[in-house]
Amino acid sequence: MTKLVQIYQRLLFFLRREKLASELEEEMRLHLEMKVQDYLDAGMNPEEARYAALRQFGNITKLKEESREMWGFRSLEALIQDLRYGTRMIRKYPGFTAIAVLSLALGIGANTAIFSMIDAILLKMLPVKDPKELVLLEWHSGSKFPARSLIGNISIDGENGPSKSTSFSYPAFEQFRNQSGSFKNIFAFADVYQLNASIEGHAELIRGQVVSGNYYSGLGLNAQIGRIITDQDDKSAGSEPVAVLSYRFWQSRFGGDLSTIGKTIFLNGNPFTIIGVTPQKFSGTLDIGNSPDISVPMAMQAMVMPGGSLLNDLDTWWVQIMGRLKLEVTQQQATAELNVFLEQSVNSSKASEDGRDPVKVELLSGSKGLSDMRKYYSEPLFILMSVVGMVLLIACINVANLLLARAGSRQKEIAVRLALGASRGRLIRQLLAESLLLSVIGGVLGLLLAYGIKDILFTFLPSFQESLVINIDIDARILGFTLGISLLTGILFGLAPAYRATRLDLTPALKASAKVLGRERARFGLAKILVIAQVALSLLMLIGAGLFVRTLQNLENVDSGFNPENVLLFRIDPTLNGYKGDQLVNLYKQIIERIQTIPGVRSASMSQHTLISGSSWIADISVPDFTPKPGQKKYVYCNGVEANFFKTMEIPILSGRSIEDQDNEKSPRVAVINEAMARIYFPNENPIGKNFKFGKSDKGSPVEIIGISRDAKYTSLRAEAPPTIYVPYLQNLKMLGAISYEIRFSGDPAGTLAAIRQEVQEVDKNLPLFKVKTQIKQMEESITQERQFARLSGLFGLLALLLASIGLYGIMSYSVARRTSEIGIRMALGATRKDVIWMVMREVVLLTLIGVIIGIPASLAATKIISSMLFGLTPTDPITISLATLVIITVVAFAGYIPARRASKVDPMTALRYE
Amino acid sequence: MEDNKNRKKSELLPGTLEMLILKSLERDCMHGYGIAQHIQRLSRDVLQVEEGSLYPALQRLQLKAWVVSEWGHSANNRRARYYRLTPAGRKQLGQEVANFNRMLEAILRVIEGPEEEGA
């Protein structure tokens, strides 16, 4: 009640504040007059009386101010006033404002850009109904987990450690859906990876997924246009095949044409009717970067995935399951129930025949969909965020220094305000309003900058996928972040100068001219500490940038063990179009024979995996009389290759013979191994003629080693060439499906590629080529992250250097300007120009050296974090550190030399008259 | 001079100014100058208020609706603002005086405590 009265009173006061002010004034005047009268009556003379009355009364301005505070909303009024004043100051010093705002815009823009990536990748929830309710099922087991075959991600900790995955068999999902009482709804989906789609006679490779009929209703999604897949569509394999498109695919492939609905699209040769488009913002629940272009019901799984139906297969685990728990059900209750069902399901599978580890279900948060890739991206994002954080810090220091210098020239103005009764807090608030204004302008520009560069920044992300699709839009969270850091930086760089500026000894400040003031040292002390900090931070960033640049150089110059120049690569997957058995092998051969006839093709071959593509085939092998040392990996890298592979890639065969055309599915099993393999498995003997088998389950005859090849990198440029086995691709028929071609050519790659496309078209016009690129391009792509890190850190490093130079230049110019008369005296007394330059430079060099001395150990400590990202050098690399140090000393010294030279040009006469 | 200052001026305890104003207005309405005079006179010049600070305090009291003001005329016929206690203000005064007395007693007990024990 009393609160209400007070608010009412306050409002009344506020509305009548003009009147109140004049009344208060009148009241105070009356008071003083009465007092004076009393003193006069007591016999004082008029002047004395007036003086005594005023002294007795106190500071009138301050008292008025204090009263006004109470008339409500005073702070708001003051804020508006402060901002208006700030705007005036900003307009008065356009040069200062430009430098400050630019520094801040760069700093804040870089931070917003990186944050928007973090937001999109790590923070954003699925754009569905109540994403927080969603749970994702994951199972945990031991090294002998119950899935015979698994599609999707599995993580196995070490050799025998625990395993976990989010892939389940479809029958297990059906059991959960039909029997579990814990869920409001539970639905499944699975990545189909590649689909051969043919639309209006044009074949292309797209990405698809299969979803259970209740997938969209479970997520709470409706169609953008048309309708969504429902349970009705998922009834049986015989029902009418339907598909929904993603909004992005609909836009890019169909131009957003409404008549797309109802059209037929052929997926792996089977007709599907397009019934709708999914919502614009929704890019699926698969992992980041795996956005399906098209979704079809589970019932049509066999039509879009080669290899037959998995819907009754207990042994292949491939679907991801999400759901929403009923309100009254706890996680424990739900998992207990699911464990029982999963156990039943596993017990009726073939896994129960071998000994197997028990399996338990856990519920993860499903609010972001599948998240394995997120973990992978979080480290580089964290490092980038720290880097841009440092840039912002340096920018802040710069602006703080500029403000500090300017506060010097405004000292007299501030002294007058203080003397007139402005409280110190009030002045600090006003100076802060000014710096906040600067930072908010910087923030707005920074936001625009971030919006401009966000798409470029995204290319830094290492992409294993052909197309990494991440939706970034500037949302409330990003706006909030930008506003937050803008205000924070405003306070950060504004507070110290404001505090300093208002700590004045009034009398000398008022008396002195603005140029010659005492207590300079303290102010300069702070400015110098800030410059030292900038030098140290810039050095840290330059060293970091240097390490990334040298890592990139090392990777670009690393010996891959093969010749990547003039090699074209592409891949086909005829199994999507139904080729199998002999038909498939004939197709492979037909294509390679045709390619070999193309003029300019010097050599062509096939392999199951191309080099440095990131994909590989890993297998357990058993070699007689060989027991692995503890800690040694039990698996090797394998590749199925065609006879010309070594010739095409120019990998020399060091001894024995290469794989030849007669090594086919009917001839004895043979293999070429590389030096690393020979070193590990046959340390003191000649491996040629020796045998091995692929794991314990290999029922075939032993494989004979026929040759040794030189080490060549396989999966990545970073890793040493792993122990590798090359087998004839025809002796690995089980694994045949998609295959890659490598073509060594001379002349124009575009012409060669066109000819290749032509030949493949003639064999089968519905066979799309994919992953078409040169070997060089493929290797460049494998180090995209390193390249982008080198570029970004270099860019940010230079930015830091530039900002630090501006900082030092500013502070030295200011110091020189203040010492003009001193310099004049020195020169009048016989100091030479050289002496003057040296006097200034001594300070510059000292500041820089202190910065370097602090910066180097700081860098050594900080760069430890990135040591795992480096290649071919350690974080303590002396060349990088000395180069960075040299660069910073040179650049900063140059920035300091400009004001030093200006000082030496001072005319003693003018300087002495200066006062 | 220094001695004089010490004897004459006693700083007010924080928060007591408002109580003194309320007390001054207990019997009669007064203008600001009158309140200042009243406090000074009754405290026999020991409590010397920085007179200006009465005014922000009066604003505060009005805001809390313990005091209302109206314009009238002073003894020598000048326009002056007179302040009057409201019932809520009277209640507040009672409370503040009681609180203050309790605190004063407590302080006195602390100050005189050891002497009594010693006696």
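In what follows, chains are A, B, ... by sequence order, proteins preceding strands, each numbered from 1.
- Rounding to the nearest 0.5 Å gives a distance of 10.5 Å between CD1 of Ile60(A) and CZ of Arg29(A).
- Few gaps surround OH on Tyr93(A); more than 12 heavy atoms of other groups in view lie less than 6.0 Å from it.
- With 3.5 Å as the limit, one finds no donor-acceptor pair spanning the side chains of Glu105(B) and Asn101(B).
- With sequence neighbours excluded, the residues that form a side-chain contact (heavy atoms from CB on, under 4.5 Å) with Val36(A) are Leu40(A), Ala49(A), Ala53(A).
- Other residues, nucleotides and ligands contribute over 12 non-hydrogen atoms within 6.0 Å of the OH atom of Tyr85(A).
- The salt bridge (Lys or Arg N to Asp or Glu O under 4.0 Å) check on Arg79(B) picks up Glu26(A), with sequence neighbours excluded.
- Applying a 4.5 Å heavy-atom cutoff, the residues of residues 22-36 of chain B that approach chain A are His31(B), Gly32(B), Tyr33(B), Ala36(B).
- When all heavy atoms are compared, the tightest approach of Ser435(A) to Gly490(A) is OG-O, 3.5 Å.
- The interface of residues 80-90 of chain B with chain A, defined by heavy-atom distances below 4.5 Å, comprises Ala80(B), Arg81(B), Tyr83(B).
- Using a 4.5 Å heavy-atom cutoff, the side chains of Met34(A) and Asp38(A) are not in contact.
- Within a 6.0 Å radius of CZ in Arg424(A), more than 12 heavy atoms belonging to other residues, nucleotides or ligands are found.
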